[in-house]
Each structure stands twice: as C-alpha cells, then as structure tokens.
**Student:** 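I have a structure here, written as structure tokens, and I will follow up with some questions on it.
Sequence lines set the chain letters: A, B, ... in the order given, protein chains first and strands last, and positions in each chain run from 1. These values consider heavy atoms only, across backbone and side chains, with no hydrogens, waters or symmetry-generated copies.
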There are 4 protein chains.
Amino acid sequence: MSPRTPKQFEKIRHDRRKSIMDTALEVFSENGYANASISMIAKKAGISKGLMYNYFKSKEELLSTIVLDGLNEMFELLDPNKDGVLTKEEFTYFIEEVFKLINEKRTFYKLYFSLMMQPSVWKLFEARLAEIIEPFMKITIDYYAKKGVENPLLESLLISALFDGIGFHYVFNPEQYPLDDIKKLLIERFV
Amino acid sequence: MSPRTPKQFEKIRHDRRKSIMDTALEVFSENGYANASISMIAKKAGISKGLMYNYFKSKEELLSTIVLDGLNEMFELLDPNKDGVLTKEEFTYFIEEVFKLINEKRTFYKLYFSLMMQPSVWKLFEARLAEIIEPFMKITIDYYAKKGVENPLLESLLISALFDGIGFHYVFNPEQYPLDDIKKLLIERFV
Amino acid sequence: MSPRTPKQFEKIRHDRRKSIMDTALEVFSENGYANASISMIAKKAGISKGLMYNYFKSKEELLSTIVLDGLNEMFELLDPNKDGVLTKEEFTYFIEEVFKLINEKRTFYKLYFSLMMQPSVWKLFEARLAEIIEPFMKITIDYYAKKGVENPLLESLLISALFDGIGFHYVFNPEQYPLDDIKKLLIERFV
Amino acid sequence: MSPRTPKQFEKIRHDRRKSIMDTALEVFSENGYANASISMIAKKAGISKGLMYNYFKSKEELLSTIVLDGLNEMFELLDPNKDGVLTKEEFTYFIEEVFKLINEKRTFYKLYFSLMMQPSVWKLFEARLAEIIEPFMKITIDYYAKKGVENPLLESLLISALFDGIGFHYVFNPEQYPLDDIKKLLIERFV
DNA sequence: CATGAATGAGCTTTCATTCAT
DNA sequence: GATGAATGAAAGCTCATTCAT
C-alpha cells in the first residue's frame, strides 16, 4: 500500500469528473436543466454536494462542459477529415455515421434539443456548434454541386433539416421509430 | 360615475387575459417554461403578480391554456376537412398552409419544441397533439399510397421530419433562412 | 312603487349586515379565522367583496363584531337578572339554559374555542367575556356557599370547567355525544 | 481542520432538530398553526428559513412531528400498563399523572386544543389520539362499573370533560388557577 | 480531499384591501 | 350603493452556492 502517485491521483480525478458528467447529462436530459438540482446529481453520482464544486465551479459550468464535450465528440464523429472531395461511398458512410450518432448519443441529443430552444442558454454554445455545422454544410454542398443538383445549398439545407427532424422524432419516441428504414430511404434519396 | 356594466367587465377581462397570454407565450418561448417566472411575465405585461392569478389559477394552467389554444389554431389551419381524397393541388395547398403556420406562429412553434423535450410537462398536451398529427399522417400516407410510392409510411415520416426540421432551423435563425425556396423545393420533391 | 323610505333602507342594511355576519360565522367556524377568506364569505353571502367593506371596515372588525355579538347573546341567555338569590329550581333552570346555549350556538361555540387558543386574537374579546363569566361565577359561588359546600369557589370552578369541557367535547363530536344524559347527571350531581 | 465525523453531523442534526421543534411548538401554540409563519419560527430559532426545510419537508410535517411526538409522550405518561384492574390508589395516581401532564406540557396542551378545533388539520392526528383516549376511557369505565356507579360511561365522560375543561382554563390563565386544590377536589369527588 | 449544515435570493401562490367606474 | 379588477405584502418552499470542520 504505497502512497498514490500523482498520476494515480490524476486518474482518480479524471474518472470522477467523467462520472459526474455522465450522471449530470442523464439528469439534465431527463428533467431539463432548470429542473435538475445539484443535489440530485450529487446523490446519483454518490458524492457530496461540496465535492461537486470541487470539480465544477457552478451548475452552469457543469452544463457547458457537458455540452461542449458532446459537441466535440459530434465533431470528431462527423469530421470527414478528407480533404475536400466526397465520393458516393463516403457520403453513404457519412450518413451512416450521422445515424450512429443520433442513436448512440440519444441522451445528449435530447439535452441539446431542449437547450437549443432557450436563446438565453443557447448563446453559450452557438459558436462551437457553428464550427461543426459549417464544414458539414460545406461538404454536402460541394457533394451536391458536383452531382449536378440544381440548387446545392437548398439540397443541403433540406438534408440537414432532415437529420434534425429525424433526430427529434427519434429521441422523442425511440421505441417505435423505424430508424434503420428511414436511414436506407435517406441514402437512396439523397446520396 | 355609474358602475361598470357586466359587459364592460367582460371586455376588461377578455382583453387582459389575451394580453397576459400573449406576453406569457413570448416569455415562455424565449426562456423556456421552467426558466420563465411569473414575475417576468407580470412585469412585461405591466401588471402585478397577483393579478395573474386572478386570470389563471397557476403557472401550469397558464401554460396549458396557451398551448391548447395554439394547438387548436394549428388544428383549424391544418384540418383538411376533405372527406378522404387529397389531390395534387390540395397537397400543394396543404404544404403552403404548413409553411404559413411555421411563419406566423413562430413564437408558438418555439415553445412547442421546447416543451416537447420535457416529458413531465409534455404529457399535458400529448393527447391533443395526437388529434392533429394523426389525420395529418393518415392523409399523407393515403396520398403517397395512391401515388404509388413504395413505402408510404416512411415517406410520410420523412416529410413530417422535414416539416419539424425546417421549422426548427427557421425558428432558430429566421432572418437568413430561405423559407420560400425550401418550400418550393419541398413541393417539387414531395408532392 | 314609491321610493324607499329611510326606514326601509335601514332595514335593508340591517338585514344584509346580519346575513353577512351569519355567513361569516359559518365560514370562520368551519375553516378557522385565518383560513377563511373574504372572497369565500362574500361569494357565499351573495355579494361582492367591495360591498363587504361597506359593512365592515376589515376582516378583523367582522370577526370581532361576530364574537362580541355572540358573547352578548350568551350574556342575555345566561344573565340571571335575579337580584342575588338563586334557588334550586332557578339553578336547574340555569343549567338547562347553559345546555340550550351549547346546543343552539354550536357554530359560535366552535369559533369561540378556536379563538380562545390564540392569545394574539383573544385579547380582543377577553374583557367582554370577563363581564359574562364574572356574574356567572359569583352567582354559583353564592349558591354553593348557601348550600354549605366546603369550598364554594372550587366547586364553582369545577362546574365551569365542566361546562367548557362538555361544550368542547360536544362541539367536537355532536352526533354521538349524549348531551341530555350528561345534563341530567350534572343536575343531579351539582345542583 | 479534519472533517467532521458522521457522529458529529448526527449530533448537529439532532440538536438543531430539537431546537426547531421546541421553537415551533411555542410559536404554533402562541399564534395557532395557521397564523404561525415559518419566518417567525426561523427567526425565533435563530436560523434561516431555508434551513427549516433541511429538517422538515413542510410546515405540515413540522406540525405533525411535533404533535405526534407530544402524543407519544402523553401516551407513555398515561399508559396504565396494568392488566385490567385499577385500584383506588392506582386511580389516584392516575389523576396525579394527568395533572402532572397538564402542568408540564402546558404549551403542547394549548396547541392540542387549538388544533382540535380545526377539523382539516386535526384529521392528521385523530387516529393516534384515539389510541390514547380509548384505553383511558376503558379503564375508567371499568373502574366506575366495579365501584357500582349507576352509569359508568356517563361518569367517565364527565371526568374526561373535567380534565379537558380544567386543562382549558388552566392553560388560559395558569398563574391564578388553583390547580392543586382542584386536583384534590377531583380525587375526593371522582375516585 | 470531503462533508453536509447553512444561507439567501428568488420562486409560485394567496389574500385583505383599495378604487375607478 | 355596488362591482370586481387591481395591488402589494407576505406566505410556503426550493436550490445554487458557501464554508467550518
């Protein structure tokens, strides 16, 4: 039982931080930000309220960390990282990724939607989201332009509206939504 | 000098009630239900907090009155009232109506989205909304079936996701969204 | 249809006043003073809140008028008005009167008990009540003294405690309380 | 320096809880439940309003804890715990106990009376009180039956009315009430 | 590092009272 | 006289945040 090394301490801190964030995401997403209390989160995470403030300096910072983290994951998942060109196969793959995202990050997505509707809160994340949406729009516009679609921008707006609309409906009623069929249809129709 | 007649009282009540509801819709929509306080609403409506409760017996009743009223208007705007058959022209007209709705009731639409994300609150309105959505789904499914589309249900889900997605994006950034162009494209593509 | 005479106006005022007081007594007694609202009373009395304030300048004044009036009635019912001497028959009659009072003024009695327990409110009526209790005590003490009871004061305290205790129990559970039997026993035992 | 141990926390909680209950009993008893505000209690107890709700989840729970606690003490003080038979000495002792109770728990007794008069609140405690009153009635009825009194139930009602009536008067004016003399008289007369 | 008691601002709601008509 | 819309103070309660230990 030698004393813990600094690295071990850091790992403990990191793990705890992650566990708080996971718990908080769940609680925020379930109850809405305003209705979720720090007490609930702390209890569910198995720590004291005081300790929470050791990891996040306010409820708002906790939220914003969660959201920015989530957006970063989104960014990574969606980041094509391919220098400009998007083939048909790549676009198909891309859509698959979007749907994987919708499905895997359902909880996050729910929170994201609920925040989006509150300008007062949303302002915090708008900029970061733009960083994700912009390349997404650019790459699809390029794709449609190359494909010879009449108005690539509109086409691109259409498919992004579809992504959000589908995500919205799915998150709202995940059990009965035919997500896979919709995905296939989308690939048929929009690739 | 002479006391107010019942008719005068009724007018006062009606006007005030309307003004409270209008203000509240704005405040709820801007801040989310949970974040909007009765104080904010009262101040913005230029009345005392107490008076609110002369008109609505709770914050929840205020919300629910606003939402049900809005859904009723939606219902009237969208109610096809055509016994079963939907021609191409009618469907075009129908889409026009939906976009008119999105545009005119922007504030309400925003509130509607934000509530959808909070199951605890949403339960209050689910039933009424179903009455609107159900005939909408039915009529579009029928339309696509008659048109010979392979999977009418999926097609219908697709277009309803589009409506919500577009509404979502438009509400979010109404100045720059090319709503009319999108509408034209939608009619071209989905009618 | 000649215009109403001043006397008629006065009668209207008097009747209305009485009706407000009766209603208020009921409402106060049923709900307790603090839980009874002016709105409830006005509605139940069939008049507007504003008019209430035409008859009583505050809720407290309404209460105090009711209580003092009730105490006056008590006073009249119990006032022996017999110059000093109290025969056995008169004492029996007196006890009959007390029980009649308990029974007839059940509602008032309930209010009276509930107020008695709140020093802050009670102070208002203490003096008037003393005027009633004092001759009551005096006359019973005299009675017992003449009868040769060892300690007339104690005996008098005992019977007045009994009156209140019985009233208390009866008011609390009027259906099952054997008021008449208790009265007979009391006369047997204490006259 | 070192963090507080669970035992220390428990002591803090226990002490504070007791202090709040003591203060609240006084305030409720002095002003009546409805007229006593949490603010008053908190101020008198020297704590913030918020803290109250760390210890009792509502005003009603605070009241009900106090009353049930008091009734339990009553129960213990009065619980005969003697299997059926009640001798003359035991009955005397029993009356002594009742008077001790009236005297020691004056504040509680006052609250108890004031609550009794408000059916809406009283319902909460009725059942527990019945547990106390029932054996009390039973044991005295048995006693009087054995003694050969003509109507033991009436006799029992009489003495319980006396207990309440005396308590009532004593609580109302404790300084001048000859509680001991009354007690002696009661024992002479009713044992 | 960890705890949870404690605070205080702000929330929803109620209601006696006023007053323009 | 009569109405009820309107006010404002105060109630019960919640919760993010602080801090002594």
Side-chain angles (χ1 to χ4, degrees), chain A residues 9 12-13 16 34-43 47-62, chain B residues 1-6 8-13 15-17 34-42 46-60 62, chain C residues 9 12-13 16 34-43 47-62, chain D residues 1-6 8-13 15-17 34-42 46-60 62:
Chain A
F9 273 124
I12 290 173
R13 260 199 89 77
R16 178 107 70 182
N35 279 334
S37 75
I38 291 290
S39 287
M40 286 166 68
I41 296 167
K43 183 179 283 179
I47 61 168
S48 72
K49 261 185 299 178
L51 194 52
M52 278 255 1
Y53 282 84
N54 197 315
Y55 286 85
F56 299 93
K57 76 168 190 285
S58 72
K59 189 186 176 186
E60 194 176 305
E61 200 207 69
L62 174 57
Chain B
M1 255 314 187
S2 56
R4 272 183 275 237
T5 64
Q8 282 173 310
F9 277 128
E10 196 169 336
K11 183 171 172 8
I12 291 174
R13 274 198 85 76
D15 293 353
R16 185 68 84 184
R17 193 181 159 87
N35 261 349
S37 76
I38 294 290
S39 286
M40 288 165 66
I41 296 169
I47 60 169
S48 69
K49 263 186 301 177
L51 192 58
M52 277 265 351
Y53 288 86
N54 196 317
Y55 287 85
F56 300 91
K57 73 170 185 287
S58 68
K59 187 184 176 188
E60 189 175 310
L62 174 57
Chain C
F9 274 125
I12 290 173
R13 260 198 92 75
R16 178 107 71 184
N35 280 334
S37 75
I38 292 290
S39 288
M40 285 166 69
I41 295 168
K43 183 180 284 179
I47 60 166
S48 71
K49 262 185 298 178
L51 194 53
M52 279 255 359
Y53 282 84
N54 197 315
Y55 286 86
F56 300 93
K57 76 168 190 284
S58 72
K59 190 187 178 187
E60 195 176 303
E61 200 206 69
L62 174 56
Chain D
M1 249 326 182
S2 54
R4 270 184 275 237
T5 63
Q8 281 174 310
F9 276 128
E10 197 169 334
K11 183 168 171 11
I12 290 174
R13 273 197 85 76
D15 292 353
R16 184 68 83 186
R17 195 181 158 86
N35 260 348
S37 76
I38 294 291
S39 287
M40 288 165 66
I41 296 169
I47 60 170
S48 69
K49 260 185 305 176
L51 192 57
M52 277 267 347
Y53 288 88
N54 196 316
Y55 287 86
F56 299 93
K57 72 169 186 287
S58 68
K59 188 186 175 188
E60 189 175 310
L62 173 57

**Student:** Whole angstroms only, please: what is the CG-P distance between B/N35 and F/dC15?
**Tutor:** 13 Å
**Student:** For C/K49 and C/I41, what are the C-alpha separation, side-chain angles and deciding distance, and is it a side chain to side chain contact (heavy atoms under 4.5 Å, CB included)?
**Tutor:** CA-CA 8 Å; C/K49 262 185 298 178; C/I41 295 168; over 6 Å; no
**Student:** Where do C/K57 and C/L62 land on the side chain to side chain contact (heavy atoms under 4.5 Å, CB included) test, with the steps shown first?
**Tutor:** CA-CA 8 Å; C/K57 76 168 190 284; C/L62 174 56; over 6 Å; no
**Student:** How does each nucleotide of nucleotides 6-12 of chain E score, in 5' to 3' order, for protein heavy atoms under 4.0 Å: base (B), sugar-phosphate only (S), or none (-)?
**Tutor:** BBB-BSB
**Student:** Working to the nearest 0.5 Å, report the span between CG of A/N35 and CE of A/M40.
**Tutor:** 8.5 Å
**Student:** Would you say CD of C/E61 has more than 12 non-hydrogen atoms from neighbouring residues, nucleotides or ligands within 6.0 angstrom?
**Tutor:** yes
**Student:** Ring of B/Y55, cation from B/R16 - is the NZ or CZ under 6.0 Å from the centre and inside 45° of the axis?
**Tutor:** no
**Student:** Using whole Å, report how far CZ of D/R4 lies from P of E/dA5.
**Tutor:** 9 Å
**Student:** In this structure, how many angstroms lie between the P atom of E/dT3 and the NZ atom of A/K43, rounded?
**Tutor:** 14 Å
**Student:** Mind checking B/R17 for me? I need base, sugar-phosphate or nothing, with any heavy atom below 4.0 Å counting as a touch.
**Tutor:** nothing
**Student:** Pairs counted only when both distances fall under 3.5 Å, Watson-Crick or G-U: show me the 5' to 3' dot-bracket for DNA chain F, [ ] for pseudoknotted crossings and | for other-strand partners.
**Tutor:** .||||||||||||||||||||
**Student:** Test side chain to side chain contact (heavy atoms under 4.5 Å, CB included) on C/I38 and C/K43; report intermediate values, then the result.
**Tutor:** CA-CA 8 Å; C/I38 292 290; C/K43 183 180 284 179; over 6 Å; no
**Student:** Take a 6.0 Å sphere around CD of C/E60 and say whether it holds more than 12 heavy atoms from other residues, nucleotides or ligands.
**Tutor:** no
